[in-house]
Amino acid sequence: MSIDFNQKIYVAGHCGMVGSAIVRDLQAQGYTNIITRTHAQMDLTDQVAVKAFFEEERPDQVYLAAARVGGIHANNTFPAEFIYQNLMMEANVIHHAFVGGVKKLLFLGSSCIYPKLAPQPMSENALLTGRLESTNEPYAIAKIAGIKMCESYNRQYGDSHGVDYRSVMPTNLYGPGDNYHPENSHVIPALIRRFHEAKVTNALDVVIWGTGTPKREFLYVDDMAAASIFVMELNKAAYNSQTEPMQSHLNVGYGSDITIAELARAVAKATGYSGKIDFDTSKPDGAPRKWMDSSKLNQLGWKAQVALDEGLSKAYYDFLDHCDVKH
Ligand SMILES: NC(=O)c1ccc[n+]([C@@H]2O[C@H](COP(=O)([O-])OP(=O)(O)OC[C@H]3O[C@@H](n4cnc5c(N)ncnc54)[C@H](OP(=O)(O)O)[C@@H]3O)[C@@H](O)[C@H]2O)c1
């Protein structure tokens with residue numbers, strides 16, 4: 001089937017790290033009719049505004065990459081805001097996309113939908129098999145609701161209205177557009193900032209919390225954007241071959257994980273920091289391993305392209321370009 005590069009595509013959350021990467025990739029592929037709204041122009045928790053937007057614009061496709069996101073501290077401090085805003089954004093966008101005649105929608109979830117003690121690597125069918133990690137449970141519940149909304153609209157309106165709403169679950173992402181806030185950022189942007197600051201101040205060592213032995217998986221954001229467009233464009237038979245009507249989400253991971261100590265050394269290399277790296281073993285480690293099973297997506301023909309070293313140096317240049325730091 002040939003692709004219509006003039007179809008109208010709405011990317012929700014286009015100012016964010018993932019949304020902006022999806023827009024870049026769509027533009028690079030030749031899509032000409034991409035529509036966006038900033039948070040200030042349209043608050044996606046506002047049902048009246050979202051309804052009016054879909055009535056007026058009537059897009060053909062929607063990428064739902066807007067979400068209220070944050071680290072452990074933010075999730076713990078604002079649990080009501082996290083569950084309310086994410087549920088509202090999903091309910092408003094998915095429902096009014098349907099009412100507005102949208103046939104194809106891609107919802108972005110997160111690996112935190114899986115139980116805290118899910119077997120590793122975490123496969124799609126681990127969903128709803130156990131208790132969630134308590135720190136981000138409200139956020140995870142909202143993400144699970146998003147998957148179940150897509151499935152429910154497919155089941156009720158798939159045949160009658162041609163609705164085909166899909167979901168992807170990314171592992172930890174990093175890259176251009178990341179949040180480098182000193183206290184409230186994910187592990188890679190936090191390490192980039194710390195190693196950069198250690199380099200420019202000639203610090204003798206950088207101390208990392210924990211033993212450095214937990215393993216985590218990281219995917220460059222352009223790979224995530226490519227996977228999102230790949231899944232959106234997959235023909236229905238292919239998508240159905242790896243999913244079930246009530247188990248329809250696909251994991252998106254790099255394919256392998258590394259220890260925090262290995263990651264720290266890789267970030268030190270990318271930033272040019274050559275001092276010591278120490279581990280404060282009195283601090284907690286978190287889960288020993290968090291790794292996605294991406295074999296379904298791999299079998300469909302997609303795999304990550306950007307190796308960690310390459311991704312980290314691109315992320316570091318983005319940090320230098322966009323953060324007001326001493327070079
Ligand atoms: N980053 C990761 O490591 C990671 C990992 C797994 C899954 N994901 C998922 O990927 C998706 C995108 O994440 P991201 O890292 O790109 O997040 P991000 O950089 O924070 O982008 C999210 C975007 O959503 C917008 N937004 C938030 N609330 C809104 C509202 N009420 N109305 C309109 N827009 C709103 C934000 O605008 P403002 O900034 O103006 O509020 C921002 O532009 C999320 O669903 C997230 O769960 C991300």
Side-chain angles (χ1 to χ4, degrees), residues 10-25 35-50 53 62-72 74-75 78 81-94 96 105-114 122 133 136 138-147 149-150 166-181 184-192 216-225 227-228 231 249-254 263 290-292 294 311 315 318 322:
Y10 169 47
V11 180
H14 76 288
C15 295
M17 175 166 71
V18 181
S20 58
I22 291 174
V23 170
R24 279 198 303 276
D25 196 333
I35 54 168
T36 55
R37 293 289 186 279
T38 63
H39 190 163
Q41 288 169 326
M42 176 169 57
D43 182 345
L44 294 170
T45 66
D46 176 348
Q47 188 181 18
V48 174
V50 175
F53 167 80
V62 174
Y63 288 87
L64 179 41
R68 171 75 189 271
V69 307
I72 295 174
N75 269 275
F78 310 108
E81 293 177 21
F82 273 75
I83 193 161
Y84 171 74
Q85 292 176 14
N86 285 303
L87 284 173
M88 287 299 282
M89 278 188 247
E90 293 160 12
N92 288 340
V93 172
I94 295 169
H96 288 291
L105 178 146
L106 189 81
F107 169 65
L108 279 92
S110 162
S111 59
C112 69
I113 61 160
Y114 293 119
M122 298 179 287
E133 164 66 50
N136 55 15
Y139 176 77
I141 292 281
K143 290 293 189 187
I144 295 170
I147 300 171
M149 273 198 81
C150 290
R166 303 175 179 184
S167 304
V168 282
M169 301 302 121
T171 186
N172 302 302
L173 306 173
Y174 69 100
D178 213 339
N179 163 23
Y180 295 95
H181 190 276
N184 187 23
S185 55
H186 291 132
V187 56
I188 287 188
L191 289 177
I192 287 178
R216 295 290 184 271
E217 183 182 23
F218 301 97
L219 184 72
Y220 189 64
V221 68
D222 287 6
D223 272 336
M224 183 61 216
S228 301
V231 171
H249 57 290
L250 287 172
N251 288 344
V252 187
Y254 180 68
L263 175 70
K290 283 195 82 180
W291 177 31
M292 304 275 258
S294 307
D318 176 66
H322 293 100

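The first residue of the sequence shown is numbered 1, and numbering continues consecutively from there. Any value given below was found using the heavy atoms of this structure, including those in side chains, with hydrogens, waters and symmetry copies removed. Counting convention: from 1, in listed order, for ligands and their atoms alike. In this text, all values refer to a predicted model and were calculated from it rather than measured experimentally.
- Here the side chains of F78 and R68 are in contact, with some heavy-atom distance below 4.5 Å.
- Of the N and O atoms on the side chains of H322 and D318, at least one donor lies less than 3.5 Å from an acceptor on the other residue.
- Relative ring orientation between H249 and Y114 is described as tilted, the plane-to-plane angle lying within the 30° to 60° band.
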With a 3.5 Å cut-off and sequence neighbours excluded, list the donor-acceptor pairs that the side chains of residues 10-20 form with protein atoms.
{"from": "S20", "atom 1": "OG", "to": "G16", "atom 2": "O", "distance (Å)": "2.6"}
{"from": "S20", "atom 1": "OG", "to": "M17", "atom 2": "O", "distance (Å)": "3.1"}

For ligand 1, find each of its N or O atoms that sits under 3.5 Å from a protein N or O atom, and tabulate the pairs with distances to one decimal place.
{"from": "ligand 1", "atom 1": "3 (O)", "to": "L173", "atom 2": "N", "distance (Å)": "2.9"}
{"from": "ligand 1", "atom 1": "16 (O)", "to": "M17", "atom 2": "N", "distance (Å)": "3.1"}
{"from": "ligand 1", "atom 1": "16 (O)", "to": "V18", "atom 2": "N", "distance (Å)": "2.8"}
{"from": "ligand 1", "atom 1": "19 (O)", "to": "M17", "atom 2": "N", "distance (Å)": "2.9"}
{"from": "ligand 1", "atom 1": "24 (O)", "to": "A67", "atom 2": "N", "distance (Å)": "3.4"}
{"from": "ligand 1", "atom 1": "31 (N)", "to": "H39", "atom 2": "NE2", "distance (Å)": "3.3"}
{"from": "ligand 1", "atom 1": "31 (N)", "to": "D43", "atom 2": "OD1", "distance (Å)": "2.9"}
{"from": "ligand 1", "atom 1": "32 (N)", "to": "L44", "atom 2": "N", "distance (Å)": "2.9"}
{"from": "ligand 1", "atom 1": "40 (O)", "to": "H39", "atom 2": "ND1", "distance (Å)": "3.4"}
{"from": "ligand 1", "atom 1": "41 (O)", "to": "H39", "atom 2": "ND1", "distance (Å)": "2.9"}
{"from": "ligand 1", "atom 1": "43 (O)", "to": "G16", "atom 2": "N", "distance (Å)": "3.2"}
{"from": "ligand 1", "atom 1": "45 (O)", "to": "L108", "atom 2": "O", "distance (Å)": "3.3"}
{"from": "ligand 1", "atom 1": "45 (O)", "to": "K143", "atom 2": "NZ", "distance (Å)": "2.6"}
{"from": "ligand 1", "atom 1": "47 (O)", "to": "Y139", "atom 2": "OH", "distance (Å)": "2.3"}
{"from": "ligand 1", "atom 1": "47 (O)", "to": "K143", "atom 2": "NZ", "distance (Å)": "3.3"}

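- Contacts of N172 classified as side-chain contact (heavy atoms from CB on, under 4.5 Å), with partners at least two apart in sequence or in another chain: R216, F218.
- With sequence neighbours left out, D222 forms a salt bridge (charged side-chain N to carboxylate O under 4.0 Å, His left out) with R24.
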